[in-house]
Each structure stands twice: as C-alpha cells, then as structure tokens.
There are 2 protein chains.
Amino acid sequence: MNIGRPPATMTEIAAALGVSSATVSNALSGKGRVSAELSAKIRQAAEELGYVPSHAARALRTGRTGVIGLVLPDISNPLFPQIAQAIEQAAAAAGYGVLIADSRGETAQQTAAIGRLIERGVDGMIVVPRRGSRIGDIGTPVAIIDSPSTPGNTVSSDHRNGGVQMGRHLASLGHRKVLLIAHSRESNVQNDRIGGLEAGLGKDIRCETLWVGDLENSHGAGCALGLAARVADGFTGFAAVYDLLALRALTELQRDGVDVPLQASVSGFDDLVWSSVVMPSITTLRQDLATIAECAVEALGDAIADSQTATGDPLVARQNREGVPMMLVARQSTGPAAGAVVSAVSNAREDSR
Amino acid sequence: MNIGRPPATMTEIAAALGVSSATVSNALSGKGRVSAELSAKIRQAAEELGYVPSHAARALRTGRTGVIGLVLPDISNPLFPQIAQAIEQAAAAAGYGVLIADSRGETAQQTAAIGRLIERGVDGMIVVPRRGSRIGDIGTPVAIIDSPSTPGNTVSSDHRNGGVQMGRHLASLGHRKVLLIAHSRESNVQNDRIGGLEAGLGKDIRCETLWVGDLENSHGAGCALGLAARVADGFTGFAAVYDLLALRALTELQRDGVDVPLQASVSGFDDLVWSSVVMPSITTLRQDLATIAECAVEALGDAIADSQTATGDPLVARQNREGVPMMLVARQSTGPAAGAVVSAVSNAREDSR
DNA sequence: TATATTTGATTAAACGATTAATCACTTTGG
DNA sequence: CCAAAGTGATTAATCGTTTAATCAAATATA
C-alpha cells in the first residue's frame, strides 16, 4: 500500500485504461454491462493503482453513508465494551462503520445525541434502550436490542430462559430458599430474568425478590443489602439479575463472614470481565452478543433497504427470531446448599432437612 | 423540526430568497463578503426551512469528514465506557463524530480496523495503545493517550503522581510493609504507577511488587495470588495498579478470611464502576477523563489543521501539557494498619455517613 | 434484406457544498 | 476627473461516484 499518497480515483483508472469512468464504476460494482475481459482488466488496474472508493462521493450520490449509529443511553453500563465490540465486528462485516452516541443517561442528552447522528447522515441506528424507555419514530431505521417482551424489539437474548437455566442450576444444588436480587422494576430485561428464575426454581422453592432500587431510595446509593441477615434467615441462594449486583452481594457476604459457596451461593448475569477473576469466581449467564449483533445489523440493513423503496413503512426493524439463547457458565460462587442433600441425577431423594 | 422530510439544501434557500447558493454558503460560514442584512435574512431562512448541512457534500468538497476514529486496542478494558463517553462528549463539542474501531486485542485485527477507519476517511484518530505497543506512521493525524513517559504521547493522566498520592495515603495510615500488585512489565502506565507508589511510600517502607502476568504464565489465568500468606508474612497494604486487580485482591483476601480494612488495606486505580459498590468499597484514584479527552481532541484538531497545510509534518499530535492530575477517592477498603499508630492527617473519607 | 434485439460501451447529469475568479457598482484618492 | 481600491454579490468549476439515457455495433428475427 502506498501510504500517504492521495488514493486513486475511478476517473484515474478510467484514464489509465482509456475507458469511461462509468464503465469503471459498473465493472467494480458489477451492476451495468461490462465484458468479462474488460471487467477483469479494470479490477486489476484498480488493485495496482491502489484504488480506494470515496465514501463521501458515494454518500453524496446515493444518499447512503454506510454508517450506522450505536446508541447506548446508559453508557456506563459495564456490558458496553462487549456490545460495542460485537456490533462493530458485525457492522464491519456488513460494510458499515459505527458512530457512537452518548447521552450520559439523560433523556435530553440522548435526544441531542440521536440528533447529531442523524445530522451526520447515519443510515440507521442500533439502540439498547435504557430501562424500558421507548424510542419514538425518528425518521430513521432503528433496530432495538432489549428483551423479547419489549414491543418493537428486534433481537435480544432469551433472558427468561436464562433465568430458567439459572433457577434449575440452583434448584439442582439443593437450594430451597433463594433471594432474587434486582434493581429496577421498570426494566424489561430484569423482569424477564426474574420471571425465568422463578419458573426455573419451581414452586417448591421459596423465593423472594429484593429490589435494590427501592432500597437505595430509602437508604442511599451503595447501601448494604443486609444479606447476612438473610442467611441467618435460611436463605442459601442469592441470584442477582446482573453481575454488578452479584458482585455486590458476594463482597457483602464475604465481608460479613459468610463463606461463598459453602454457606451461600451467588449468581449473576452477563459474564462481565471481573466475574471470572473474582474469588470465588462468579457463576453467571453469558449472552451470545456476536449473534445478537449480527441479527441486529442484518435486520437494520433490511430496514434501511426498505426505507429506500417504500416510504411510510415502519422504520423499526423487526425480526421474528426467537430470543438468542444464553449460556450458563458455572464457576465457584455456586455450590451445594448448606445442609442439603443434592440430587445429582434424579430427584428421588427429596430432602433431609 | 420537520422529521421525515428531506432536509432543505443551500440551493433551496438560495432559490427561496432569490440569491445565489454561493452567497448562502458564505453567509452561513461567515467566510466571504455578505452584507449584514442579507446574511441575517439567509440565516433566518435556513432556520425556517430546517436546513441541515450535508456532511457528505462538504466532505467531498473539502476532503474532511468531520469524523475521528477511536481506537481502543484492548476494548475489553473496563475503562472503555468512560473513555468512550468522554471522547464522544469532547468530540461532539468540537464538531466531530466518533467512529469506533475494534481489534479484539489482536495486532492483525488492529491494523485492519485502523485501515477501515482510514478508508472511511476519518480526519484523524485517537489511540489508547495496548500495553506499550507503538503506533507507526499511518498517514493520518493521531493523538495518543497513554502515559507521560511514552514517547509521542499526546496527553494522559499523571499516573506517577497518582501513585505518589496513593503511596502517601497508605504511608499515613501506618502501613510499613506494602505489596504492589501489577500485571505487565511492558505497560508504561503500570510502570509509572508502580514508580509513583514506591516514591510516595518512601524508603522507610518495605515494598515488593507482584507481577500477576508472570504468575499467570506459570499458574494459569485467574490463579490465586496467595495474598493471605503475605498477610501472615506481615504485609498490611495491597496497592493494585488498577481496580480489576484490586478487586481480585480484595475478594481473595475476604474469601480467605482476612478482614478488609481491619487486617489489610486494598487500593486500586481508575475508579471503575464497581469500586464504589463493592463491600468494602475500594479506595482508588480517579482519572480526569473529561479533561484528557478535551486535550486529546483539541490536539488532534490542531494536527488535522496542520496536516492540511504543511505536508511532511509529524502527524502525531504533541501537547506539552503536564500530566493531568488524578484524584484520590478514599473509601472503605483502606484503613489504619493493624497495630500501627496513625498520623491523623489524611483521613478525609468520601463517605463518612 | 430490412427490422428488432442484445451487447458493451459512452455521455452527461446529477448529488450539495465550497471557492477561485469575475463582475457591476461605489467609494476614495491624487 | 479619472484611476485605484473596496464592496457585495454572482458564475462556474470542482470534489468522485452513480445512473438514466443514449449510441454504435453485432446478432437475432421475420
């Protein structure tokens, strides 16, 4: 590659070969009618001259920039790196660039950020909504990654089934009294996970949900969750709805002298970076973000294509795919319930308590 | 805003006012010679018609896209959300969009990602290098955020002084035997922090550095650090070089029944999201990422402007600014050394509710 | 053989903003 | 009073690509 030189243009290739620039365009895009030989020659010349298409010119002519926006209203979300990585990868494979938008969690800033993306001419955007906030019609194709139970959702993990998996995992370890730890009642994702956990645990198991958001409203952010008292109260399982809460639970229990996993099991969701590094490492559910990103980009691409032709169509990319499965990653933070007999294979022996 | 309508163009404004499009361009950019009255009228018409400049057309004509690339080779870095947020904010304020590049930590992918950015016509890029890797001349202006001791560095936190602050903090708490926990000897940032810690602790305090990277090479990733043994050996302070290591240290100590901060103090760097949420919350040093991002964007903007005029100039943005100060955030994970007399000076607690 | 049809290429007009060159008028200056 | 300078606008070219319209020549059809 000849770095630093202004890259060759179609016109230059055309001049070098004595053909018209239209023919070069046709040959390179494979659209018009160009003889096979000439096409090959052009392609070769392009290679040799180090041709790089001008995105700006193409965008001006076609009205499409080949760029999509990524909107993470809650950018402080620790899952962000993984999502961004997955989206960027999928977008690059589909020929898109990814422009990021940030809103510091505030709605006003979010609107401004989206506006900036639109002014920059993004062809569409992928939005991971904040706690069930709705995205109105913004005149641009949108793909939404939230939860299968969200109306207008394009693609997402099967959070409910993830909950079921974790519920079964805890149940199989003999836990009979489990505390579910969530933050906000308004989050579709959290509700789905809670629902799944309850289903997976089954009706024989006592469970209760601790809403940390409510607790913090009265006791201040970062307050203690009082989990040691729960242990004293007979709880042996603590299933958090995302890893940050699991970490909070784990450290609080440890600080208060509760051994994990001997006296209590802790689990989370999302497999964030620290989950595998902490002692004990945290049992969690990993999202298949690569697949989700691919689906989102693909659906968005379709919506973009549609928006070119039929106007007035719904600009929200729909996808009838089932929720993408989550994967249980069993680590050290979950183990047999204290004083319980674990049914390794069958549930023939009920309990000994 | 009239959403959905194709936005007005300069030509349309010109037609509506019966002037030429050149005049409109001049009025809106303030460059040519336009009478004050006409200029005002044009500006008003632009407002009323909902004029939105076409970035594509402008890019085609001027050769500048108004977009910069953000390259985080180690995208799994948990600091990424904060960096991305800060850069996006600063870039937006300076009129730039931010295109992200990902490389999954692999050098080959990094080159490809940078290539994609260049093909997309970014005006420049901001790079946070991975563990002291060098960025070669890529024919595009670059700003580098790494460490003051890195050659070619544009702007960064004063990691060394951060280390000094933390060292003094620990010293003032009476710790006499401190274990410094780092990962890689190749990281400039980590070396700076280690150096600062040693200086801040002073020569009266015994300290030793644990290189987790070395340890993992022989014992496997995620292995135990053996910190409880260190406590038995008289160590009371554990100063990690970033929060993820601090968290690892904290949980390992807790799991092994060491009380933090009663028996041992733990500290980190970066103030990542979990540091304030964990029990006990982690004493750490916060980077002033907003300032860093502003400096980086500004320096990059200058380099971009330079690259337009003088060719052959160094394309790496230099900035003679001192390292940006870091801020000590004292939390619960550090306290007086077991059995030590504390000098009652620096005990400003963030959360002494 | 005269007329369609197909093939392979060219022409030229966009897309929307920027900008050097130009022009018609005033205003100044000597 | 006439040349020089200044003012406020217009003209027209340009950036690089796409694409509808056109065209010439070869091939097929009647």
Side-chain angles (χ1 to χ4, degrees), chain A residues 5-43 45-46 49-67 95 118-121 123 304-305 308-309, chain B residues 5-43 45-46 49-67 95 97 118-121 123 305 308-309:
Chain A
R5 297 306 121 239
T9 69
M10 281 192 169
T11 317
E12 286 167 4
I13 298 178
L17 264 56
V19 300
S20 78
S21 68
T23 303
V24 175
S25 174
N26 284 331
L28 259 31
S29 68
K31 282 197 170 174
R33 291 182 297 213
V34 187
S35 65
E37 317 116 281
L38 183 51
S39 181
K41 252 201 294 195
I42 289 175
R43 228 171 286 273
L49 293 168
Y51 168 70
V52 174
S54 158
H55 278 84
R58 183 174 294 165
L60 178 57
R61 180 63 232 247
T62 63
R64 291 181 37 183
T65 54
V67 172
I118 293 179
E119 281 200 15
R120 279 238 137 63
D123 295 336
I304 290 171
Q308 298 273 299
T309 58
Chain B
R5 297 307 119 239
T9 69
M10 281 194 169
T11 316
E12 286 166 5
I13 298 179
L17 264 58
V19 299
S20 79
S21 68
T23 303
V24 176
S25 173
N26 284 332
L28 258 32
S29 67
K31 282 197 170 175
R33 292 182 298 213
V34 187
S35 66
E37 316 115 282
L38 183 51
S39 182
K41 250 200 296 193
I42 288 175
R43 228 172 286 272
L49 293 169
Y51 169 69
V52 174
S54 158
H55 278 84
R58 184 175 292 165
L60 178 58
R61 180 64 231 248
T62 63
R64 291 180 39 183
T65 53
V67 171
I118 293 179
E119 282 200 14
R120 278 239 138 62
D123 295 337
Q308 299 272 300
T309 59

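Chain identifiers are assigned alphabetically (A, B, ...) following the order of the sequence lines, protein sequences preceding nucleic acid strands; residue numbering begins at 1 within each chain.
B:Leu28 approaches B:Met10 most closely through the heavy-atom pair CD2-CE, 4.1 Å. Shortest non-hydrogen contact noted between B:Val52 and B:Pro7 is CB-CB, 3.8 Å.
Proximity of a side-chain donor or acceptor of B:His55 to a complementary backbone N or O of B:Thr65 within less than 3.5 Å is not detected.
For the pair A:Val67 and A:Asp123, the minimum side-chain heavy-atom distance is 4.5 Å or more. The shortest distance between side-chain heavy atoms of A:Ile42 and A:Ser39 does not fall below 4.5 Å. For the pair A:Arg33 and A:Asn26, the minimum side-chain heavy-atom distance is 4.5 Å or more.
Within the structure, side-chain hydrogen bond (donor to acceptor under 3.5 Å, both in side chains) pairs that include any residue of residues 7-23 of chain B comprise B:Ser20-B:Thr23 (at least two apart or interchain).
Note: CG (A:Leu28) to P (D:dG16) measures 16 Å, nearest angstrom. Spacing between atom OH of A:Tyr51 and atom P of D:dG16 amounts to 10 Å, rounded to whole angstrom units. Atom CZ of B:Arg61 and atom P of D:dA13 are 13 Å apart (whole Å). Computed from coordinates, the A:Arg33 CZ to D:dA26 P distance equals 16 Å when rounded to whole Å. In this entry the distance linking CG of A:Leu60 with P of D:dG16 reads 12 Å, nearest Å.
Near-neighbour residues of DNA chain C inside residues 13-25 of chain B, defined by a heavy atom below 4.0 Å, number-ordered: B:Ala22, B:Ser25.
If you find the closest nucleotide of DNA chain D to B:Val34 and to A:Pro53, the one lying nearer the 5' end belongs to B:Val34.
Contacts between chain B and DNA chain C, taken as any atom within less than 4.0 angstrom of a protein heavy atom, begin and end at C:dG16 to C:dT19.
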Side chain to side chain contact (heavy atoms under 4.5 Å, CB included), that's the test. Do B:Val24 and B:Tyr51 meet it? Break it down for me.
CA-CA 11 Å; B:Val24 176; B:Tyr51 169 69; over 6 Å; no
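The side chain of B:Ser35 sits closest to D:dA9 out of D:dG16, D:dT19, D:dA9.
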